[in-house]
Amino acid sequence: MARVSFQTLPGTRDLLPPASDRMRALVQAFAAEAEQAGFGQIVPPMFEDLGVFTRLGEATDVVKKELYAFEDMGGRKQALRPEFTASVCRAYAQHRPLTPWKTWYAGPAFRQEKPQKGRYRQFDQVGAEVIGSHDPDLDVELIALAWRFYQRVGLTNITLLLNTLGDKAERPAYLAALQDHFNANLDSLSEKSRETLAINPLRVLDSKRPPDQPLIEAAPKILDFLSEDAAKAFERVKAGLDTLGVAYEVAPRLVRGLDYYTRTTFEFVGSGLDAAQNAVGGGGRYDGLVADLGGPDEPGVGFALGVDRTLLALDAEDAFPAADCQPQVFLVCTTGGFEAMVASDELRRAGLRVDRSFDHRSMKAQMKAANRSNAQVAVIIGPDEAENGTVSIRPLDDRPQFSTGRSEMTEKVKEQFLS
RNA sequence: GUGGUCGUAGCUCAGUUGGUUAGAGCAUCAGGUUGUGAUCCUGAGGGUCGGGGGUUCGAAUCCCCUCGAUCACCCCA
């Protein structure tokens, strides 16, 4: 009576072929790109001490209301990671590898939000971080890494937005100027933005609410407040991108959701996406975060790309089709013996992708299965073949079927794939 | 968390103003004589119409609740 039926929780889903193959291929493409650039992989745990993540900014939504926090049996407060950067910084502080420490990662992150298109509670990211250098050339190298990755997978409708948020030192003056500007025009600011203003004036710039736009346009720009060092670094980043031919757009109002950013910030926006979630990736510098997590005062810079959103953007361009993991050879066997088992094992050891059917189905049914599997070749073993020590090799296109000795099977099958 | 739309077979959907055993296409399975796929023909299986309650002689159809999906706001990958 009480018929139980379970399904995936809101914001989570099962990835089945071919979607799962496609995602894995995307991650592999990123891994290849990152490792070519000298990044090594880090695999941090999916949950950490709660404090690791609350350092991301007490005022951010990610920490305030989206964290999957819980306690272990001993009452230790912990949380599922909402992103990787904090874990990477923690890992640096814990292990103190040589700097600059270049590392890449891939895996799921968790945020408790209302799901919608391109937004899941468990979502996958790939990303890269560098700890231990102030060199703006690393900012460039990271942006270029993301950019080359997009090129590699065939994503073209993508815009790189670039900004700098200056150093911690000049931030107060800028924040004060922003406060003054918005306070002077409080009436024309939306209610939401007024709330945001009280918490973090920077993020008011991020509002997409139409009534706020004129005021945001008129707001003071961080570029006018930069220290000489920060300004020089920003120039170096832009020049570097120019040199590599990476197109970007300076977006003075680009602020990002996490509070830890300093200097360079950037975001990749999918222009082909009609969804509200058009940010497919983003990152920036976070000088000070490592120290916040109990490490030495080492600077850091990095980015994360949303795997699902990248895939969505690729969909919009009909690019990056699912990888082919279908069998090449299908074994049809009606003897009831072990012939199919042995033959498919042999072909697999020879490096071929091989499948067969089970449950002793009729030859007709097995041939249908062979056809449906999209294998190029069927190998048929019936009582006659078994008796004569032969197999029948039937290409599943127009080529003719032929018979060959059982001992030559693997060789003859492989020949089918040479042309 | 707030709001809009939606929820009928594995998939895509149809179901007229509430009226008899809820349909189609695709898919699946089995046949179309002796061991051979994609086409074609025939047939079969498969749904407590998301779940619960209510109105009614009668509900997939009307009302309420609930769960889920989806889109948007917020925020972000």
Side-chain angles (χ1 to χ4, degrees), chain A residues 1-13 16 56-57 59-66 81-85 106-127 146 190-193 195-196 199-200 203 206-210 255-258 267-270 273-283 303-313 330 332-335 357 359 361-387 392-398 400-401 403:
Chain A
M1 176 69 224
R3 209 164 108 243
V4 291
S5 83
F6 293 114
Q7 57 183 347
T8 50
L9 258 9
T12 68
R13 68 254 212 263
L16 273 31
L56 298 173
T60 62
D61 284 0
V62 168
V63 171
K64 220 169 44 186
K65 55 181 206 195
E66 296 172 1
R81 66 179 175 219
E83 54 132 50
F84 285 74
T85 305
F110 308 84
R111 294 181 195 174
Q112 230 173 129
E113 297 183 274
K114 189 94 163 182
Q116 66 191 79
K117 187 166 192 165
R119 163 183 296 169
Y120 304 97
R121 290 184 173 179
Q122 177 180 333
F123 59 102
D124 277 84
Q125 288 190 330
V126 294
S190 68
E191 194 180 332
K192 275 278 177 201
S193 290
E195 287 171 25
T196 311
I199 302 165
N200 185 346
R203 300 243 302 284
D206 207 25
S207 161
K208 289 170 209 148
R209 289 169 282 270
V255 292
R256 300 192 33 78
L258 287 330
E267 193 164 293
F268 295 98
V269 176
L273 289 175
D274 51 351
Q277 282 68 238
N278 61 356
V280 297
F303 68 84
L305 310 180
V307 170
D308 311 296
R309 289 186 186 179
T310 302
L311 253 11
L312 236 36
F330 199 95
V332 172
C333 178
T334 56
T335 65
S357 61
D359 298 308
R361 308 228 278 141
S362 70
M363 172 157 289
K364 178 171 179 160
Q366 292 191 44
M367 284 303 294
K368 280 176 101 157
N371 183 246
R372 204 173 28 233
S373 78
N374 272 320
Q376 294 99 307
V377 176
V379 172
I380 302 167
I381 305 175
D384 295 349
E385 284 88 348
E387 183 146 343
S392 295
I393 294 178
R394 179 176 181 111
L396 290 166
D397 49 26
D398 300 331
Q401 175 172 336
S403 174

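A note on names: the letters A, B, ... follow the listed sequences, proteins ahead of strands, and every chain is numbered from 1.
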Begin from the C-alpha positions of A:Gln122 and A:Leu9 and carry the test side chain to side chain contact (heavy atoms under 4.5 Å, CB included) through to its verdict. CA-CA 10 Å; A:Gln122 177 180 333; A:Leu9 258 9; over 6 Å; no
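- B:U56 and B:C63: their P atoms are spaced 16 Å apart (whole Å).
- Judged by distance alone, with hydrogens and angles left aside, the side-chain atoms of A:Arg81 form a donor-acceptor pair with the main-chain N or O of A:Pro108 at under 3.5 Å.
- A gap of 39 Å separates the P atoms of B:G25 and B:C65, to the nearest Å.
- Atom CZ in A:Arg121 sits roughly 18 Å away from atom P in B:A77 (whole-Å rounding).
- Distance CD (A:Gln116) to C1' (B:G4): 13 Å, rounded to an integer number of Å.
- Nucleotide B:C74 holds its C1' atom 17 Å from the CZ atom of A:Arg256, rounded to whole Å.
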Contact pattern, 5' to 3', of nucleotides 39-46 of chain B - B, S or - by protein heavy atom under 4.0 Å: --------
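- For B:G23 and B:A77, the C1' atoms lie 44 Å apart once the distance is rounded to whole Å.
- No donor-acceptor pair under 3.5 Å is formed between the side chain of A:Arg13 and the backbone N or O of A:Thr8.
- If you check every strand for non-hydrogen atoms under 4.0 Å, A:Glu385 touches a base.
- Among the protein residues, A:Asp384 comes within range of the nucleic acid bases, having at least one heavy atom under 4.0 Å from a base atom.
- With hydrogens and angles ignored, no donor-acceptor pair closer than 3.5 Å exists between the side chain of A:Gln7 and the base of B:A69.
- Position along RNA chain B of the nearest nucleotide to A:Gly282 versus A:Pro115 favours A:Pro115 as the more 5'-ward residue.
- Annotation: B:G19 and B:U34 have their P atoms spaced 50 Å apart (nearest Å).
- Checking B:A77, B:C75, B:G37 against the side-chain heavy atoms of A:Glu66 singles out B:C75 as nearest.
- Counting non-hydrogen atoms under 4.0 angstrom, A:Glu83 reaches nothing in the nucleic acid.
- Note that the CZ atom of A:Phe303 and the CD atom of A:Gln125 stand 10.5 Å from one another [nearest 0.5 Å].
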RNA chain B base-pair string [pairs: Watson-Crick or G-U under 3.5 Å; |: paired with another strand]: (((((((..((((.....[...)))).(((((.......))))).....(((((..]....))))))))))))....
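- With B:G37, B:A72, B:A77 as the choices, the nucleotide that has an atom nearest any side-chain atom of A:Lys114 turns out to be B:A72.
- Remark: the separation of the C1' atoms in B:A59 and B:A22 is 13 Å, to the nearest Å.
- Taking only side-chain atoms of A:Arg119, from C-beta outward, the nucleotide of B:G68, B:G37, B:C73 with the closest atom is B:C73.
- Distance from the side chain of A:Met363 is smallest to B:U36 among B:U2, B:U36, B:A69.
- By the 4.5 Å heavy-atom criterion applied to side chains, A:Arg309 and A:Arg119 are counted as neighbours.
- Among the heavy atoms of the strands lying under 4.0 Å from A:Arg111 is at least one base atom, whether or not backbone atoms are also near.
- Of the side-chain N and O atoms in A:Gln125, none sit less than 4.0 angstrom from OP1 or OP2 of B:A77.
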Could you write out each protein N or O paired with an N or O of nucleotides 25-30 of chain B at a distance under 3.5 Å?
| residue | atom | partner | partner atom | Å |
| --- | --- | --- | --- | --- |
| B:U28 | OP1 | A:Arg372 | NH1 | 2.6 |
| B:C29 | OP1 | A:Arg361 | NH2 | 3.1 |
| B:C29 | OP2 | A:Arg372 | NH1 | 3.4 |
| B:A30 | OP1 | A:Arg361 | NH1 | 3.3 |

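- Comparing the P positions of B:U66 and B:G1 gives a spacing of 12 Å, expressed to the nearest Å.
- Here B:G37 presents its P atom at 14 Å from CZ of A:Phe330, a figure rounded to the nearest Å.
- Using a 4.0 Å heavy-atom cutoff across all strands shown, A:Pro383 reaches no nucleic acid atom at all.
- Comparing the P positions of B:G51 and B:G68 gives a spacing of 15 Å, expressed to the nearest Å.
- One interatomic measurement links the two molecules: CD of A:Glu113 to P of B:C75, which rounds to 11 Å at whole-angstrom precision.
- No donor-acceptor pair under 3.5 Å is formed between the side chain of A:Glu83 and the backbone N or O of A:Ala109.
- Rounded to an integer number of Å, the gap from CG of A:Asn278 to P of B:C73 is 10 Å.
- The two residues A:Leu305 and A:Thr310 have their closest heavy-atom pair at CB-OG1, 4.5 Å.
- Taking CZ from A:Arg121 and NZ from A:Lys114, the interatomic distance works out to 8.0 Å, rounded to the nearest 0.5 Å.
- With rounding to whole Å, A:Phe6 atom CZ is found 16 Å from B:G50 atom C1'.
- In terms of modelled atom types and a separation under 3.5 Å, the side chain of A:Gln366 and the main chain of A:Arg361 share a donor-acceptor contact.
- For the pair A:Asp308 CG and B:A77 C1', the computed distance is 8 Å after rounding to whole Å.
- If A:Gly11 and A:Val255 are placed on RNA chain B by their nearest nucleotide, the residue sitting closer to the 5' end is A:Gly11.
- In this structure, A:Phe123 and A:Arg111 have side chains that are in contact, with non-hydrogen atoms separated by less than 4.5 Å.
- Among the atoms of the strands shown, none is found under 4.0 Å from any heavy atom of A:Gln366.
- Between B:U16 and B:C29, the two C1' atoms lie 34 Å apart (nearest whole Å).
- A:Glu385 places a side-chain N or O within 3.5 Å of a backbone atom of A:Gly382 that can act as its donor or acceptor partner.
- Counting heavy atoms from C-beta outward, A:Ser357 and A:Val332 have side chains that stay 4.5 Å or more apart.
- To the nearest 0.5 Å, atoms OG1 (A:Thr334) and CG (A:Asp384) are separated by 8.5 Å.
- Within the nucleic acid shown, A:Asp397 comes within 4.0 Å of at least one base atom, counting heavy atoms only.
- Remark: A:Phe330 CZ to A:Arg372 CZ distance equals 8.5 Å, nearest 0.5 Å.
- Remark: side-chain polar atoms of A:Arg394 are not paired, donor with acceptor, to backbone N or O of A:Gln401 under 3.5 angstrom.
- Applying the 4.0 Å criterion to OP1 and OP2 of B:C76, one finds that A:Arg309 has every side-chain N and O outside that range.
- One N or O donor and one acceptor, one from the side chain of A:Gln401 and one from the base of B:U36, sit under 3.5 Å apart.
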